[in-house]
K.L.:
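Here's a structure for you.
Both counts, for ligands and for their atoms, begin at 1 and track the order of listing. Positions are given from 1, in the same order as the sequence printed here.
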Amino acid sequence: MSLDNKPVYTGGCQCGAVRFRVEGALTNASICHCRMCQKAFGAFYAPLATAPEGGLSWTRGEPKRFRSSNHVLRGFCAECGTPLTFEAPDGIALAIGAFDNPEEVAPTVQWGVEAKLPFVDGLAELPAHDTMEDVGASDFLADLVSFQHPDHDTNEWPPAEKK
Ligand SMILES: [Zn+2]
Ligand SMILES: [Zn+2]
């Protein structure tokens, strides 16, 4: 919460070159199955939530944009490629997975269902495993060191040990 009791959200890309802050309530938390969102996210669908007007600020760096249509820009980190925004004339939506606490932004609606991939509805039924269950087959996991930016704002980027 901010000083005037607005909800506050932070987030950013995987490498940390781009960070954002949202003050105020998010709206239209959704997933979009349309073919353009599949491509832009390299994923089965895009999770997006709309920032309140004037409530979004870029606190480190800024996304590079691709104009995916005459009305829409897609923002992403130019350093690491993380998809970050869907920018339309009626507002800017942010990729839910890029938030520091994505569990706070549950989608409430689906769009673009005409392009929904046929296996998406069955994903929750697939066999399920923890990451570390795979150590036997992929022994690099045992001493893996993450270079992903942590899920909170930081004072310095890039981190000192990586400069
Ligand atoms: Zn990045
Ligand atoms: Zn879409």
K.L.:
In this structure, which one of Thr59, Thr154, Asp153 forms a side-chain hydrogen bond (donor to acceptor under 3.5 Å, both in side chains) with Arg19?
P.N.:
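Among Thr59, Thr154, Asp153, the one meeting side-chain hydrogen bond (donor to acceptor under 3.5 Å, both in side chains) with Arg19 is Asp153.
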
K.L.:
Quick check: are there more than 12 heavy atoms from other residues, nucleotides or ligands sitting under 6.0 Å from CH2 of Trp58?
P.N.:
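Yes, the 6.0 Å shell around CH2 holds more than 12 heavy atoms from other groups.
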
K.L.:
Please report, to 10°, the angle around the Zn ion (ligand 1) from atom SG (Cys77) across to atom SG (Cys15).
P.N.:
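With the Zn ion (ligand 1) as the vertex, SG (Cys77) and SG (Cys15) sit 110° apart.
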
K.L.:
Please determine whether His149 has a backbone or side-chain N, O or S atom lying under 2.8 Å from the Zn ion (ligand 1).
P.N.:
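His149 does not place any N, O or S atom closer than 2.8 Å to the Zn ion (ligand 1).
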
K.L.:
Look at Cys37 and state whether any of its N, O or S atoms is less than 2.8 Å from the Zn ion (ligand 2).
P.N.:
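Yes, Cys37 qualifies, because one of its backbone or side-chain N, O or S atoms lies under 2.8 Å.
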
K.L.:
Would you sort out whether Phe44 and Leu123 count as a side chain to side chain contact (heavy atoms under 4.5 Å, CB included), showing the intermediate values?
P.N.:
CA-CA 11 Å; Phe44 305 142; Leu123 293 178; 3.9 Å; yes

K.L.:
The Zn ion (ligand 2) as vertex, arms to SG of Cys32 and SG of Cys34: angle to 10°?
P.N.:
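The SG/SG angle about the Zn ion (ligand 2) sits at 110°.
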
K.L.:
Tell me, yes or no, whether the heavy-atom count around Phe41 atom CZ, taken from other residues, nucleotides or ligands under 6.0 Å, exceeds 12.
P.N.:
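Yes, enclosed.
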
